[in-house]
Amino acid sequence: MAARGYDAKEIEAKWQRAWARARLYEAKPRPGKKKWFSTVPYPYVNSYQHLGFGIAFLRAEFQSRYRRMAGYNVLHPQGFHCTGLPIVGAAKRVAEGDRVQIEILRKMGVPEKGIRKFADPLHWIEVFVPATVEDLKALGAAIDWRRSFITTDLNPPYDAFVKWQFRRLKEGGYVRTGTHPVIWCPKDQAPIGDHDRLEGEGETPTEFTLLKFPMGERALVAATIRPETVFGQTNLWVDPEVAYVEVRVRPAGGGSPETWIVNPAAAQKLREQGRDVEVVRQIPGSDLVGAEVIAPGINKAIPVLPATFIDQARGTGIVTSVPSDAPDDYVALRELQGDEARLRQYRLDPERMRAIEPVPIIRTEGWGPLPAKESVERLGIRSTSEKEALKRAKEEVYRAGYYAGVMSENCGPFAGMRVEIAKEEVKKQLRANGQADVLWEPSGEVICRCATPAIVKLVSDQWFLAYGDPEWKARAHPALERMTLYPEAARKQFHHTIDWLNDWPCTHHRGLGTKLPWDEHWVIESLSDSTVYMAYYTIAHVLQGGDLKSKVPWAGRLDDAFFDFVFRGLGDAGAIAKALKVPPKVLQDLRREFTYWYPVDLRHTGKDLVQNHMTFCLFNHIALFPEEQWPRGFGIIGHLALGGKKMSKSKGNVWYLRDAMKAFGADLVRVGLANAGDGLDDPSFDPDFAESMGDRLREWHGFATARVRTRTKSLPIDRWFLSAMSRAILETRRAMEAMEYRAALRHGYFDLQAAWSWYVRRSSGVPHTRLLRRYREVQTKILAPFVPHVAEEVWSRLKGRGFV
Ligand SMILES: [Zn+2]
């Protein structure tokens, strides 16, 4: 290997040591000098970090290195997140001997003897925090390590910082209690935030309309999100194999109890949603088939028919049938109509069954009167077992109808009304008539980390961050407008999130974290204790005293007055310092440090956090800080794929940073991630590209440090190369500043190399002395943010000034 130029491992270790010795990344305020402050939210430390964190982290780090070269005073810190349920849950599973959990630890390389220790949540922190630090150092991360720390009450000054925030948020009316629907794990008996989900990030509570279908004194009850389609109902579906239950329940608006027929899961959900539900008896679904019920909205008798396609986990296990606009219903109806044996089995009159026809109810431009039939026929769907195709059909029909449809003449008083509006109006009328009720469901499937499917619970004693508040939203929109977004295309999604964000349950009963200061039964959950984390970094080096868990005595006594002074300039430094037993100058310096670094210039994250954590960050800055300290830039990146395949923890397809570095070394992992993709599309790490870059960098190193025959006489082609190089610099700079790193590599590396080859050929193999030197310097600098170790090695061999 040495014969081919350099040993990557050796130079990586060598330069990492040199940077640390020179304290290159320790940031100090330099009044008058322009600054750049980048952060990536703390990774959650319940495992080794994988490449997905790697790309989110590095894209911010490339920017920090670039800005440093461009003359900025740069702050780039990194903390670690221990808040929440996952570590506690996983430790509990280890204690219980859960095989899956233990296998996960084994796969991470934990030796058999060490596994038992992971029954203690603190052990996870003791192992994975230092491991993450180690990985980032091995990656050559340009971090000011003095400012690192962990969250939770294990670290007193951070704990005090979160308590200060919550007291101030509560005073401002931003934290409230009330009754709210939350996504809930029935096993953990806790709300589950996005971080605590195996599947279903971003899904929120959604209101379903329960339709009542009277059958004598009782009513079969079906759930729908399309109440406006009641005008097209032709029948009701039940699963003959399912045991339903008859329950006594009081309607949502009050009134005397009614008798409903639903599945047992629905009875449980209604109970979690605060309804008194008394189970009277079981009823086999087969007993219901063939009955006649009165359909709400149209007040017409329709038959109850057998179906096998009903998802018993959603709604009530009974669904109304609208074959004109629901592909499932259309296909199921046709299937049944053609199935002699089944009709006979349930003693259904074949002639009457075959007479059932879809009723046109919605007119949509570009569609005929029966969109479900049209879509099903176009996609060639023949059976209810074609789930994927049916899902596609359903989405297509729903979208077209919802945004562009108008209710037809078959819809009584709603004829001519836009579907979007009719949906609400029909729901209102059915509720007023006592023909409908309400059930909450997650907007899509949500699975808790403990593998339990989530439901929606209405909780009445929960604390919320009031992101649903219209006034707060109204301030967030213009605040977003002032920001730079990387990429700009994300702006619409942020505005959309601001509009639709609901109140957010911000406390849990269990888990690691900071206790809610005015009610210590509650622990603040993981997304809510880290919304304005960047402010803490500006002062962390003093409060932490070099430890991840601070042992600085006075930093263990911080009160709200301290944070009000440092972050808001309120109060008298002398008095506050006296209470803390530190010289006032310490406080004044911290205040100066905060005002120098703040606001944050870039916060970079995976795009799945737009819909919560990033937008929370903006809201909470508005609530806590003056306008000039609101964030200046947000950057996002998609979900990283490996060689084209999606990485997924639940599917075991993850690559840990440390394993990737073992295979490629730090520089190649870095440049591979830089080239993985920009913008909103999901990036993909291509091992072949990383491999080929290894050869190219060796070649570059060889060329840049070799003796090359040059000339001093100028030729016209020199001017061409100079201008090609200027263009490459300009375009690279533009791409770097837009965080388009793949483009930066193309302009600044591949194109520039090609231009040089052409130039050398046109110079008969002998370039100009000055241009050779300039080219070597420029190329080294352009490469430096991506492959800092090789670049530093070349720079030192070129006898460049200081570090590259
Ligand atoms: Zn759970």
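For clarity, every value in this text was computed on a predicted model and none was experimentally measured. Both ligands and their constituent atoms are indexed starting at 1 by order of listing.
- Aromatic ring pairs are classed by plane angle as parallel below 30°, tilted from 30° to 60° and perpendicular above 60°; the pair Phe616 and Tyr467 is parallel.
- Seen from the ring of Tyr48, Arg658 counts as a face-on cation partner, given the 6.0 Å and 45° thresholds.
- The pair Arg392-Glu395 fails the salt-bridge criterion, with no side-chain N (NZ, NE, NH1 or NH2) lying under 4.0 Å from an Asp/Glu carboxylate O.
- Taking a cutoff of 4.0 Å between a charged side-chain nitrogen and a carboxylate oxygen, Arg197 and Glu203 do not qualify as a salt bridge.
- When Arg250, Arg248, Lys212 are each tested for a side chain to side chain donor-acceptor pair (under 3.5 Å) with Glu258, only one passes: Lys212.
- The cationic group of Lys170 lies under 6.0 Å from the six-membered ring centre of Trp518 and within 45° of the ring axis, placing it in a cation-pi geometry.
- Of all protein N, O or S atoms, those under 2.8 Å from the Zn ion (ligand 1) number 4.
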